[in-house]
Every structure is written in C-alpha cells, then in structure tokens.
**Q** 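Quick one: this structure, given as structure tokens, is what I'll be asking you about.
Reminder, nothing fancy here: chain letters follow the sequence lines and each chain counts from 1.
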Amino acid sequence: MKISVLLFASAREAVGAPSVEVALPASATVSDVLREPRLAGLAGLAPSLRFALNEEFARPDAPLREGDVVALLPPVSGG
Amino acid sequence: MKISVLLFASAREAVGAPSVEVALPASATVSDVLREPRLAGLAGLAPSLRFALNEEFARPDAPLREGDVVALLPPVSGG
Amino acid sequence: MEILLTREPLSLDAACRAVRAPGRGGVVLFLGEVRPEEKGKAVSSIEYEAYESMARKELERLAAGAERAHGAAVAVHHRLGPVPAGETSVIVAAASAHRAEAFAACREVIDRLKESAPIWKASFAEAR
Amino acid sequence: MEILLTREPLSLDAACRAVRAPGRGGVVLFLGEVRPEEKGKAVSSIEYEAYESMARKELERLAAGAERAHGAAVAVHHRLGPVPAGETSVIVAAASAHRAEAFAACREVIDRLKESAPIWKASFAEAR
C-alpha cells in the first residue's frame, strides 16, 4: 500500500525533504515506514521520534491502511 | 495625647465621618481609640476590624505616641 | 516593580510593558473584572475605596516580596473610584526568565492583595 | 475556545477579548517571548515550524480539556514563521468566574502545549 510520510524540523533536515511516499506491505505498522531507504538518515533520530497517524499521535505498532498519512515528529519545542 | 483616627468603608459609614481626633492618656494603646464615645457606633464591627498605625498594620496592644495616626480597617475587598 | 493606583481605566499593555524585559521569556497577567452580578443581585458598577498611602506601601511590600521569592518583575495596577461592570479593576503582571516563576509571583501577589491591601469595594445595583 | 495559528504579530487584547465575558471575573494571560539569548548564544529571531493541521487539533484538544476540567474559557494564539527576539511567540488566555480556575486552566494549557503540540523552533543567531 502507498503511505505518505511527513517530516518536520530535524527529521526533515536529516532526510532533506518535507515528505516521502513509501510503499509498504498490507500488514505494515506505523514504525515500518522507517524501513524506507530514503529515511535511513533518521537512524540517529529514531529513538526520540514520535509518530502521528492521520494527525493523531499513534503507537509505533498501530496498523496502517492505504493512503494513510504518517508524520515523524522530533521532540517538540513550541510555546 | 492627641491621636488621629482614620475610618474606611463600613467603619466610616457606621461613624458618619472619615476621621476623628481622639484624646488619650500617655500610656494608651492602639485599641484604646475605640473608647472614644463618637466611635461607639463601631461596637458591632469591632471584632472584625484590623488596626493600622502610621500606615502599617499594628497589634491592638501597640503603644501610641503623640500625633500618631491610627486607621480602623474593616475586612478588605480589593482586587 | 511598578505600583499604580488610579481612577483612570487600566491598560493591559501598560501593565505588560511595566514588567517586560529582554531576558524575561515568561509574562503572566491577571485581570480582575467587575462582574455584572454578585450574590444574585445585578451590579452596574463597583466603587473602590482605598487607604491610598497605606495601600501603596502594602502593594510595594507584596510586590517586593514576590520579586525576591520568585526572581520576577512585578507590577500591580488597581483602579479606584467607580468601575463599571465588565471593566477591569485590577491587573497584576509578573515576568521572569521562565513561566513557573512568573505564574507563582503573579498568583502570590493577587492572593495577598486580596487579604491585606487596604482597599474596599461597595457595589451599586443601579447608577448612583 | 479560540485557537489561532498565525504568521502575524500576536495581540494581547485580541487574546483577552477571545475569553472575556460578563460572568468571568478572573482572566489570566501567559505570554511567551523570544529571548535574545539562549544557552549563551545571541538570538536575533526564532523560526517556528508547525505541523499546522495537527497542531490545531492538538491545541483544540488541550483547550477543550482545560475548559472542561476548570470551567474556564481558553484561547491559544501561537505565532509561526520568524519571530524576532523580544516579540511574543505564544499567548494562552483563560477566563472564569474566579481566579483559581483561570490560573489552573492557563497553566495546564501552556504546560501541555510545550509537551505535545507539534511545533518546533529553530533559533537563528544572525538574521537569515
């Protein structure tokens, strides 16, 4: 299935793009997006990343569906 | 000695004046001002009154000196 | 520290400007507003009376205490005389490097003001 | 409740107006300002980036939670894009009948915003 991956702040800078389209098997979960070669640059950041699925925080093992949007969120610093 | 007594809010309304000059013996303390006949109307209020001596909160038994200014302060409601 | 006792309408920006400074990243402001109803009775305005000279001293004492305790800058603006319902009767502003201290200082000053500042209110149901 | 994400300078009065109402006697405002120095380095401005659609949802969720928990009205205004040192990056306003609830709601929202709103800052020592 095709999944859109949005990248912000340090994740965007590490990958060098604001978003990436990823093809994953039907049984894939949110954290499986990190298997995408173009996201290899995130290895160092991975432990501190949080995931969002369709604009809601999501657990790494949350199941994905065709067309879902996953966002990789480094530690936030708003306010 | 001559002591000025300032009256505020409900105390002023009970006495009908914003201030009263009181003559007291040399050994008088702050609460002795209440002996003044013109302040008799404060009897009901007395238990809830706080005293100020020369613009500082004072204990009822604080000693007085000629020309001191005592203020009778009902419960406050600022803010 | 800035203490203002005035019969003029209060200004949020003025209170804020009184405490802001480059290093102070957190500013907290409390506004007390005259409610149009109190204990079931309609209120058109509230008259604030103060033992002004002592009130100024008390507010300076409270503000200085909070500034020392929390490392914040504090301003207290209190309106005296008639204050129409819906308008602001008091503003307490506090600023410091981080928000925790600004919240603590602001809260401490308004709480203590309400306990010890020699200021009284008389509410009026209809215009006097 | 009012959530505003904007690239325009924030307005204290606008945030205050968003929560004021006749019965709400206590209003608390928190302002976060860009400090001209951070970790010893001079800062000329801070760039705020947001996952805007999710940030709006998160802020609505936080504000609604605080409104329910404290019986307050809440507004959150956050500035995005470049914010010069000394200017305001966020305002959280909370209003309720009494000050305790307004302080609690305001503090809760800014604390949680800093934990979970998908907003990031990149500070710039010199003008870009």
Side-chain angles (χ1 to χ4, degrees), chain C residues 9-17 19-40 42-44 46 73 83-114 121 123, chain D residues 9-17 19-40 42-44 46 73 83-114 121 123:
Chain C
L10 299 180
S11 152
L12 198 48
D13 285 320
C16 198
R17 268 197 308 278
V19 295
R20 291 171 92 155
R24 298 182 189 137
V27 183
V28 175
L29 296 148
F30 169 77
L31 283 80
E33 308 217 332
V34 173
R35 283 189 287 274
E37 205 208 306
E38 213 158 308
K39 300 188 183 83
V43 170
S44 65
I46 285 184
V83 184
E87 294 196 19
T88 304
S89 53
V90 62
I91 299 178
V92 174
S96 64
H98 300 293
R99 66 182 182 282
E101 293 79 5
F103 272 107
C106 186
R107 182 63 189 276
E108 178 180 304
V109 170
I110 186 61
D111 285 351
R112 294 211 178 139
L113 177 156
K114 285 188 179 259
K121 65 179 177 187
S123 54
Chain D
L10 299 181
S11 153
L12 197 50
D13 284 320
C16 198
R17 268 197 308 276
V19 294
R20 291 172 92 156
R24 297 183 190 134
V27 182
V28 175
L29 296 148
F30 168 76
L31 283 81
E33 309 217 330
V34 173
R35 284 189 287 274
E37 206 208 304
E38 214 158 306
K39 299 189 184 85
V43 169
S44 64
I46 285 184
V83 183
E87 294 196 17
T88 305
S89 53
V90 62
I91 300 178
V92 175
S96 65
H98 300 292
R99 65 181 183 283
E101 292 79 4
F103 271 107
C106 185
R107 183 63 189 274
E108 178 180 304
V109 170
I110 186 62
D111 285 350
R112 295 211 177 138
L113 177 157
K114 285 189 180 259
K121 63 179 178 187
S123 54

**Q** Side chain from CB out, backbone as N, CA, C, O: work out which of these in C/C106 comes under 4.5 Å of a heavy atom of chain D, or both, or neither.
**A**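 When you check distances to chain D, atoms from both the backbone and side chain of C/C106 fall under 4.5 Å.
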**Q** With a 4.5 Å cut-off on heavy-atom pairs, point out which of C/E38, C/E37, C/R20 contacts chain D the most.
**A**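 Highest number of heavy-atom pairs under 4.5 Å: C/R20.
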**Q** Measure the spacing between CD1 of D/I91 and SG of D/C16 and express it to the nearest 0.5 Å.
**A**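 The CD1 atom of D/I91 sits 9.5 Å away from the SG atom of D/C16.
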**Q** Please check: side-chain N/O of D/S89 versus main-chain N/O of D/V34, any donor-acceptor pairing under 3.5 Å?
**A**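 Not at all, since once roles are kept as given, no pair shorter than 3.5 Å links the two residues.
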**Q** Which one wins on heavy-atom pair count under 4.5 Å against chain D: C/A97, C/A85, C/A102?
**A**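 The residue among C/A97, C/A85, C/A102 with the greatest pair count is C/A97.
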**Q** Relative to the ring of D/F30, is the ring of C/F103 parallel (under 30°), tilted (30 to 60°) or perpendicular (over 60°)?
**A**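 Plane angle under 30°, so parallel.
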**Q** Report which part of C/A94 has an atom under 4.5 Å of a heavy atom belonging to chain D: side chain, backbone, both, or neither.
**A**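 For C/A94, no heavy atom lies under 4.5 Å from chain D.
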**Q** For chain D, which of C/D111, C/D13, C/I110 has the most heavy-atom pairs under 4.5 Å?
**A**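 That would be C/D111.
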**Q** Can you find a heavy atom in the side chain of C/L31 that is under 4.5 Å from one in the side chain of D/L29?
**A**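 Sidechains of D/L29 and C/L31: in contact.
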**Q** Might you point out which heavy atoms bring D/A93 and D/V19 nearest each other, and give the distance in Å?
**A**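 Heavy-atom minimum between the residues: O-CG1, 3.7 Å.
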